[in-house]
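Order of the sequence lines sets the chain letters (A, B, ...), proteins ahead of strands, with each chain counted from 1. Just the heavy atoms: all of them, side chains too, but no hydrogens, waters or symmetry mates, feed the values below.
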Amino acid sequence: MNIFDLYLDKIIILIKKLNKDGSLEIPETLKGINVDIPPSNFDCDISTNVAMVLSKVNKKSPIDIANTLIDLIKNEDEKIETISVVKPGFINIKFKQTYWNNFIKNVNQNCKDFGVNIKEKKQKYLVEFVSANPTGPLHVGHCRGAILGDVISNILIFNKHDVSKEYYVNDYGNQIINFTKSVFFRIREILFNEKFPIENSDLYPGDYLVDIAKNIIESNNVLKFDKFEDVSKELTLLSVSESLKLIKSNLSNLGIVHDKFTSETDIVLNNEVQKAIDKLMDKKLVYSGKIKAPKGEDDQNWVEREQLLFKSTDFGDDKDRALQKSDKSWTYFASDVAYHDNKLDRNYDTLINILGADHAGYIKRITAVVEALSGDKKKLICKVSQLVKLIKDGKPFKMSKRKGDYITVEDLISEVGRDATRFIMLNRSSDVELDFDFTKVKEKSKDNPLYYVQYCYARISSVFRHVDLNIGNDLDIKDYEFEYTEDEIRILKKIAEWPKCIEAASLRLEPHRIPVYLYELSSEFHSYWNMGKDDPSKRFINEQKKIPNDKLVFLKVISNVIKSGMDIVGVETPQKM
RNA sequence: GCGCUCUUAGCUCAGCUGGAUAGAGCAUCGGUUUUCUAAACCGAGGGUCGGUGGUUCGAGUCCACCAGAGCGCACCA
């Protein structure tokens with residue numbers, strides 16, 4: 001039940017009627033008209049800008065139009081307490097107390113689906129996220145995008161869409177060869193006491209490779225590790241598989257489960273790259289040419305080479321992109337073209353890619369490919385998660401690939417916990433860099449917004465416990481004749497915002513709106529709770545040791561929204577803290 | 001040189017696709033526990049929304065230019 005949408009519909013019907021009568025002009029599109037939350041210093045519940053939007057086409061001042069509208073609106077709705085016109089031309093409406101009885105009844109009767117955006121057309125989504133190279137465990141840098149992708153998916157699922165969470169495994173190419181070589185040398189180190197060539201900067205130095213090497217030695221007694229070339233094929237498979245084991249366990253510790261892992265090697269071996277490039281060729285978007293050196297770069301080392309290029313400039317990219325290396329093998333980009341063609345073949349309505357900030361430059365070319373292949377500009381949406389700045393003891397903390405001194409997801413979770421990690425990573429817009437201060441998050445865990453929201457839920461649970469009720473059970477209430485006070489209505493108004501929050505989060509793929517909203521709601525609740533100290537009528541449990549029905553549904557509805565929100569964010573709502 | 005993202009209180013950030021007197025937390029100062037969880041609450045101070053123009057009834061929000069920060073810019077993945 002979205003009270004803002006319901007009222008917007010009412011107003012649209014009204015002005016259309018007036019337009020039919022000939023007493024009002026309306027613009028072609030009614031898109032600008034909205035019903036919104038008024039600023040808190042106005043004593044009203046909802047507010048609309050209709051009069052201001054209609055002002056132009058009617059050549060009248062917004063105030064005049066508003067004044068003629070308010071009587072008509074009031075006549076049609078006996079739930080209105082006051083309706084008034086304010087300065088630039090807003091119409092402000094305050095409902096009678098009884099309005100909120102109907103509201104809370106409605107919310108309670110379909111608790112689980114409260115907030116679901118019924119206006120959204122049901123779609124099939126594919127959300128690709130993480131897709132870190134299978135060359136070792138996940139580190140903190142992967143964490144934000146992982147959580148972002150997971151929760152974006154959760155929001156879409158909450159809104160009843162069909163969502164598939166997918167991981168693209170880059171198990172092909174030079175990096176994988178280097179990785180496998182590194183494993184090979186670690187194996188020789190263990191078996192033949194041969195020193196690992198640490199000076200070779202192409203190799204992966206991390207300690208986790210020793211464990212991978214041990215696992216491979218233990219689980220296999222066929223392979224001989226004399227020459228890399230002899231075992232490279234089998235060893236690659238084993239090494240990648242060990243890596244994926246680590247990654248999947250990291251993801252599971254973060255509370256993330258992907259529906260599908262797609263392997264780049266499979267795509268390449270299936271000849272899908274050639275097929276996809278052929279499709280682009282048919283559209284005359286592939287040609288053989290040379291890329292010019294970027295200005296300002298050092299031109300001396302630049303070698304112009306004839307190679308196969310994709311005309312991404314046709315779609316707004318800065319330059320055309322190479323599909324083939326000079327040795328005629330495919331580039332990474334080419335196999336990604338194939339992968340996206342593969343996605344398109346699976347008939348999704350919308351593809352979503354979650355990328356790290358360091359891959360933002362990649363967006364234009366890949367959206368160009370999807371547009372070229374599907375003919376639909378909006379088929380692929382790329383969402384970038386900005387960097388996480390790690391801070392330890394007040395100082396920035398840099399990770400070094402060469403030394404292999406990563407902070408892993410494992411370290412992070414064991415230090416601050418899964419829920420705190422998820423909540424804090426989401427509490428900011430993905431467009432801005434995020435400060436993640438280890439010492440702060442750990443030391444000041446009491447100031448952590450996660451606990452603030454959880455505490456709210458725990459407080460409500462404790463009230464239920466006191467009268468032997470369970471917070472999770474449905475409430476069956478027949479009579480909704482209540483008289484909520486101003487302080488309670490303030491919270492009910494916040495509850496009424498929940499569907500709006502979900503709508504914005506889903507439409508714009510901005511999960512941070514959910515923790516931000518939950519924090520605000522919790523704040524209203526804690527404030528109300530403390531009023532009970534001075535004013536016994538604000539306590540939930542009365543002198544007969546019972547909770548009256550008005551307070552009971554009130555609590556139920558609040559806890560339900562918190563639960564829904566926390567489920568989407570993917571964190572626990574403990575009943576005791 | 002080019003592209004992407006950002007710039008809001010001392011610090012970290014919200015600001016619902018252009019609306020009304022721009023909001024939180026932290027930090028600082030001062031208060032609140034015989035009562036359902038004080039991991040909480042109440043109060044005070046703190047702002048030229050990076051700058052300059054433009055678009056319009058109306059701009060933190062849209063456009064242009066400028067300044068600053070981060071990320072990226074070949075056949076790596």
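For A:Ser47 and B:A20, a side-chain-to-base donor-acceptor distance below 3.5 Å is present, hydrogens and geometry of angles not being considered. At a cut-off of 3.5 angstrom, the base of B:A77 holds no donor-acceptor pair with the side chain of A:Asn178. With hydrogens and angles left out, the side chain of A:Lys533 and the base of B:A38 share a donor-acceptor pair within 3.5 Å.
For A:Val86 and A:Lys325, each mapped to the nucleotide of RNA chain B holding its nearest heavy atom, the one lying further toward the 5' end belongs to A:Val86.
Contact check, A:Arg513 against B:G15: a side-chain N or O comes under 4.0 Å of OP1 or OP2. Under 4.0 angstrom from either OP1 or OP2 of B:A77 there lies no side-chain N or O belonging to A:Tyr332. Dashed line: the shortest gap from a side-chain N or O of A:Lys87 to OP1 or OP2 of B:U21 is under 4.0 Å.
Contact annotation for A:Asn41: base contact, defined as any heavy-atom pair under 4.0 Å involving a base atom. Looking at heavy-atom distances under 4.0 Å, A:Ala458 makes contact with a base.
Picking from B:C36, B:A20, B:A77 the nucleotide with the shortest atom distance to the side chain of A:Pro38 gives B:A20. With B:U12, B:C71, B:C73 as the candidates, the nucleotide lying closest to the side chain of A:Leu387 is B:C71. Residue A:Arg428 has its side chain nearest to B:U12 when only B:C16, B:U12, B:A77 are considered. Taking every side-chain heavy atom of A:Lys500 into account, B:C16 is the closest of B:C16, B:C57, B:A74. Comparing B:A14, B:A20, B:G70 against the side chain of A:Asn92 picks out B:A20 as the nearest. Between B:U12, B:C36, B:C16, one nucleotide has an atom nearer to the side chain of A:His466 than all others, and that is B:C36.
Exactly one residue among A:Ile514, A:Ile147, A:Ile155 makes a side-chain contact (heavy atoms from CB on, under 4.5 Å) with A:Val569. That residue is A:Ile514.
The separation of B:A39 from B:G23, taken at their C1' atoms, amounts to 24 Å, rounded to a whole angstrom. Comparing B:G50 with B:U7, their C1' atoms sit 6 Å apart, to the nearest whole Å. As rounded to the nearest Å, B:C16 and B:U56 have P atoms that lie 23 Å from one another. Going from the P atom of B:C62 to that of B:C49 covers 16 Å, rounded to whole Å. Rounded to whole Å, the P atom of B:A59 lies 13 Å from the corresponding atom of B:A22. To the nearest whole angstrom, the two C1' atoms, one in B:G19 and one in B:G1, are 41 Å apart.
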Notebook entry, point to check: Which dot-bracket notation, 5' to 3', represents the base pairing of RNA chain B when pairs are defined as Watson-Crick or G-U with both distances under 3.5 Å, crossing pairs as [ ], and inter-strand pairs as |?
Noted result: (((((((..((((.........)))).(((((.......))))).....(((((.......))))))))))))....
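Between A:Tyr339 and A:Tyr168, the distance separating the two ring centers is shorter than 6.0 angstrom.
Straight-line distance from the CZ atom of A:Arg365 to the P atom of B:A77: 13 Å, rounded to whole Å. The interatomic distance linking A:Lys292 (NZ) with B:C73 (C1') rounds to 17 Å, in whole Å. Nucleotide B:C26 holds its P atom 16 Å from the CG atom of A:Asp437, rounded to whole Å.
Shown here, B:U8 is classed anti by the O4'-C1'-N9-C4 or O4'-C1'-N1-C2 angle, which is more than 90° from 0.
Within the structure, the side chain to side chain donor-acceptor pair (under 3.5 Å) test picks out the following pairs touching residues 58-70 of chain A (sequence neighbours left out): A:Ser61-A:Asp64.
A cation-pi arrangement is absent between A:Lys364 and A:Phe315, since the terminal nitrogen or guanidinium carbon is not both under 6.0 Å from the aromatic centre and inside a 45° cone about the axis.
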Check: What is the per-nucleotide protein-contact pattern of nucleotides 41-50 of chain B, from the 5' end, where B denotes a base atom under 4.0 Å from a protein heavy atom, S denotes such proximity for sugar-phosphate atoms only, and - denotes neither?
Finding: SS--------
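Stacking is found between A:Phe90 and the pyrimidine-like six-membered ring of the B:A20 base under the 5.5 Å centre-distance and 30° plane-angle cut-offs.
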